[in-house]
Amino acid sequence: MEDDKPSVAYFCMEYGLAEEMKIYAGGLGILAGDILKTAKEQDWPMIGIGILWRQGYTKQVINEKGRPVDTYPRNDYMYDYLKDTGIKVHVRIKNEEIACRVWRLEKYNNAPLYLLDTNLEENSNKWITGQLYGWFEEERIAQEIVLGIGGVKALRKLDFEPDIYHFNEGHAVLAGTELIKEKTKSGLSFEEAYSQTREEIVFTTHTPVEKGNEEHSMRVMKYMGAFNGISEEEMERIGGNPFNMTAAGLRLSKAANGVSQIHKETARGMWEHVDDRPSIQGITNGIHRDTWVDSEITGAEGKEEIWKRHTELQRALIDYVKDRTGVSLDQNKLIIGFARRAAPYKRANLIFSNKEKISPHLESGDIQLVFSGKAHPLDDTGKGIITELVDKSEEYPESVVFLEDYGIEIARFLTRGVDVWLNNPRRPKEASGTSGMKAAMNGVLNLSVLDGWWPEACRHGKNGWQFGDGYEGEDQDEHDRQALYEVLLEEVLPTYYDNKEQWKRMMLESVASTYHEFSAKGMLEKYYEKLYKPT
Ligand SMILES: *Cc1c(COP(=O)(O)O)cnc(C)c1O
């Protein structure tokens, strides 16, 4: 271990380490998993704190009417390889003691991950750590008490003395109350404890959508026991009233970051009204290459080598799609991938929005589309979007495919095996977008609006394409629709079908221009340099 590196306890609600380990929902967890793998690889002193979800996030399948349906198989049988640390901690929830067992997970070449679990005989409520992002406000607060307050208590018993507590998103901010409480117990005033605690915490914000930033009423927080011995007035100073988890994360930290350069600007605007907070820096996400990137692609010495390997990876995707859906995609025709959370701002259906333009290409099959994604279980609009995509796959059965239950496995196949990775969120709502990095490093060309990470990497026509020129007017949908068709039909298609040599050059350039810049190792080095460094 390098002794000049501060030790870090990384807190996150979810960790995406492997498909089988169902304790993640999406991008936030994937980032956390990639960080722990990178810390392990570099032998940097970091551990993760999280929750052992019994059911995890929804396993979302499509019913015969084309509607997404949420199912929650228990995943307990998967957990044989967890190690019981023998440690138990207690938190108070609704005036009741809840015991949390602490498990240790190290199976995936990751820095040690400690997972809290309330599924114990002695607990009246065993299901607090049941569903990730499931249920309603009270359950969420209870889960956050376990993660934050239970997490700090677990660290004490584990004898891990972190220099830095890193909260990845607002879910962990109640850890701040425990850090303050420890200090007031040993005789400090609230004021002193608060200011010392702020020297230990750093915070990453991810959500440029107002609604996605969690807020709770003081009344419910208090009733749940989330104040943790801190007065209402003091809690209000930290998180405002209602208590905003992101505002609290900012006010509790000495340093904070957004996850791309453009997101830094958005986040600064969003949280300008929060007084007494650190300046939000921009540290662009990165990906763990060994997890996501094919080493034969990145090692390819020239156009023919990269193309040959690409056709192999594409074959694997085509077989996978055939297996899951019965559809046989044509390897000699362009395959476009699009996989993300089904939120309206991602505009999954943008490519279908001018039927006259797109329909001939889907009928002839010279454009093939593979979609995947989940909607949040309580999001009916998102479920409507998925149904629309499923309908399109029925309208164009040969050339449009929807893969149900998006997760790590599908993401790995898609970001290696398609030709083009399409991304068209309404600007500026995409915080970073690491799936595009996975694609880029696998020689899959990005076709994306200038949002999230892409403005930092895009060289139009050289390593991928942008469309829409970063336009943000009221008619952004119409503007981007036209721009998408223009670039897709006048640049992407002709390059693919008529200029394969240029296509292969672009693949090489896509890999070369992203390989170092967007690795999780580079990101983590910036964390150490800009967030974790002693002040
Ligand atoms: C990489 C990944 C994400 C994040 O990708 P975005 O570009 O932010 O949508 C989400 N889910 C899975 C399963 C992933 O592998």
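Order of listing sets the numbers, starting from 1, for every ligand and every atom in it. From a predicted model like this one, the values you see are computed outputs, not experimental measurements.
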With a cut-off of 4.0 Å, which atoms of ligand 1 are near a heavy atom of R340? 7 (O), 9 (O)
Of the side chain and backbone of I30, name the one, both, or neither that has a heavy atom under 4.0 Å from an atom of ligand 1. side chain
Could you identify the single nearest non-hydrogen protein atom to atom 8 (O) of ligand 1 and state the distance to 0.1 Å? G433 CA, 3.5 Å
Using the side-chain hydrogen bond (donor to acceptor under 3.5 Å, both in side chains) rule, pick out the option among H479, R426, R427 that qualifies with E472. R427
Please list the nearest protein heavy atom to atom 15 (O) of ligand 1 with its residue and the distance rounded to 0.1 Å. K438 NZ, 2.5 Å
Under a 4.0 Å heavy-atom limit, does S435 contact ligand 1 with its side chain, its backbone, both, or neither? both
Counting from 1 in the order shown, the ligand 1 atoms closer than 4.0 Å to a non-hydrogen atom of W292 are 15 (O)
Qualifying residue for salt bridge (Lys or Arg N to Asp or Glu O under 4.0 Å) with E509, from R459, K462, K504: R459
Do W454 and N446 have side-chain N/O donor and acceptor atoms under 3.5 Å apart? no
Among protein heavy atoms, which sits nearest to atom 12 (C) of ligand 1, and what does the distance come to when rounded to 0.1 Å? Y406 OH, 3.6 Å
Taking the six-membered ring for Trp, are F352 and F338 ring centroids under 6.0 Å apart? no
Flag yes if more than 12 heavy atoms outside E272 fall under 6.0 Å of its CD atom; otherwise flag no. no
Side-chain contact, heavy-atom cut-off 4.5 Å: L488 with I351? yes
Could you check atom 10 (C) of ligand 1 against the protein and tell me its nearest heavy-atom contact, residue, atom and distance included? G27 N, 3.4 Å
Under a 4.0 angstrom heavy-atom cut-off, which atoms of ligand 1 come close to I408? 13 (C)
Atoms of ligand 1 under 4.0 Å from any heavy atom of G407, numbered from 1 in the order shown, are 13 (C)
Is the cationic atom of K107 (NZ for Lys, CZ for Arg) positioned less than 6.0 Å from the six-membered ring centroid of Y81 and within 45 degrees of its normal? yes
